[in-house]
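Remarks on the structure that follows.
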Amino acid sequence: MDSYEGSATLEWWANRSTCLHRVGVRVAVRAIGNDWACDAFLEPPLSAGERESFDFLMRLDPLFTLRLDEESTLLVDVVAAGKGGRLVLTTPRTEAAESAGRRQML
């Protein structure tokens, strides 16, 4: 698979039983050599209050769970990329993912 486009969900988990925020996104993932790149767009766009909550969680800890379907998930760092709801998703640093594992359980 060289690329994937489709709907997904970003989730911010406080612990293994409490998801504090869940938002729909449209993702475009593409393989680049041995790595990957992913852009996402909020779908539908968030209200002002929802966006404020989402931005707060990204500042608190940008580590989210990307859920592609009921069985397929991975941890990603989320960064806002300009206006229009565009997000860049990247592989988290190993030490960040390990320390956040206490917070973020799938």
Side-chain angles (χ1 to χ4, degrees):
M1 175 179 89
D2 292 334
S3 65
Y4 169 81
E5 290 189 34
S7 296
T9 305
L10 283 173
E11 301 171 343
W12 197 95
W13 289 83
N15 56 44
R16 36 178 100 183
S17 62
T18 307
C19 181
L20 290 183
H21 200 78
R22 182 176 283 126
V23 61
V25 291
R26 184 98 183 138
V27 295
V29 183
R30 53 204 174 281
I32 302 173
N34 291 332
D35 209 357
W36 58 273
C38 182
D39 292 323
F41 291 90
L42 298 169
E43 189 176 79
L46 302 179
S47 69
E50 292 170 326
R51 184 61 197 231
E52 185 177 329
S53 296
F54 183 71
D55 289 345
F56 172 77
L57 292 173
M58 279 194 301
R59 285 190 308 274
L60 185 62
D61 185 351
L63 189 66
F64 284 74
T65 298
L66 177 65
R67 185 174 302 279
L68 297 170
D69 57 40
E70 289 302 316
E71 301 296 324
S72 179
T73 63
L74 70 141
L75 295 176
V76 294
D77 279 333
V78 178
V79 176
K83 297 185 180 188
R86 181 174 169 256
L87 307 168
V88 175
L89 310 182
T90 60
T91 303
R93 294 182 327 269
T94 303
E95 62 276 2
E98 289 171 0
S99 66
R102 289 185 287 265
R103 174 184 65 83
Q104 193 142 6
M105 298 293 180
L106 302 178

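Everything quoted here is computed from the prediction, not taken from an experiment.
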Starting from [Y], can I reach [X] by hopping between I/L/V/M/F/W/Y residues whose side chains sit under 4.5 Å apart?
X   : Y   : value
V79 : L75 : no
I32 : W36 : no
L60 : V88 : no

Do you know which two heavy atoms are closest between [X] and [Y], and how far apart they sit?
X   : Y   : value
Y4  : L68 : CE2-CD2, 4.2 Å
W12 : L57 : NE1-O, 3.6 Å
T18 : N15 : N-OD1, 2.9 Å

Open item on the list: Once rounded to the nearest 0.5 Å, what's the spacing between atom CG of D77 and atom OG1 of T90?
Closed with: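 That separation rounds to 4.5 Å.
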
- [ ] Apply the test side-chain contact (heavy atoms from CB on, under 4.5 Å) to residues V76 and L10: give CA-CA distance (whole Å), side-chain angles for both, the deciding distance (0.1 Å), then the verdict.
- [x] CA-CA 9 Å; V76 294; L10 283 173; 4.1 Å; yes

Contacts under 3.5 angstrom, residues 21-28 side chains, donor-acceptor by atom type, not counting sequence neighbours:
unit_1: R22; atom_1: NE; unit_2: E11; atom_2: OE2; d: 3.1
unit_1: R26; atom_1: NH1; unit_2: S7; atom_2: OG; d: 3.4

TODO: Show your working on side-chain contact (heavy atoms from CB on, under 4.5 Å) between F54 and F64 and close with a plain yes or no.
DONE: CA-CA 11 Å; F54 183 71; F64 284 74; 3.7 Å; yes

Tell me which donor-acceptor pairs under 3.5 Å the side chains of residues 39-51 have, and how far apart each pair is, sequence neighbours excluded?
unit_1: D39; atom_1: OD1; unit_2: R86; atom_2: NH2; d: 3.0
unit_1: D39; atom_1: OD2; unit_2: R30; atom_2: NH2; d: 3.4
unit_1: S47; atom_1: OG; unit_2: E50; atom_2: N; d: 3.2
unit_1: S47; atom_1: OG; unit_2: E50; atom_2: OE1; d: 3.2
unit_1: E50; atom_1: OE1; unit_2: S47; atom_2: N; d: 2.9
unit_1: R51; atom_1: NE; unit_2: D55; atom_2: OD1; d: 2.9
unit_1: R51; atom_1: NE; unit_2: D55; atom_2: OD2; d: 3.4
unit_1: R51; atom_1: NH2; unit_2: D55; atom_2: OD1; d: 3.4

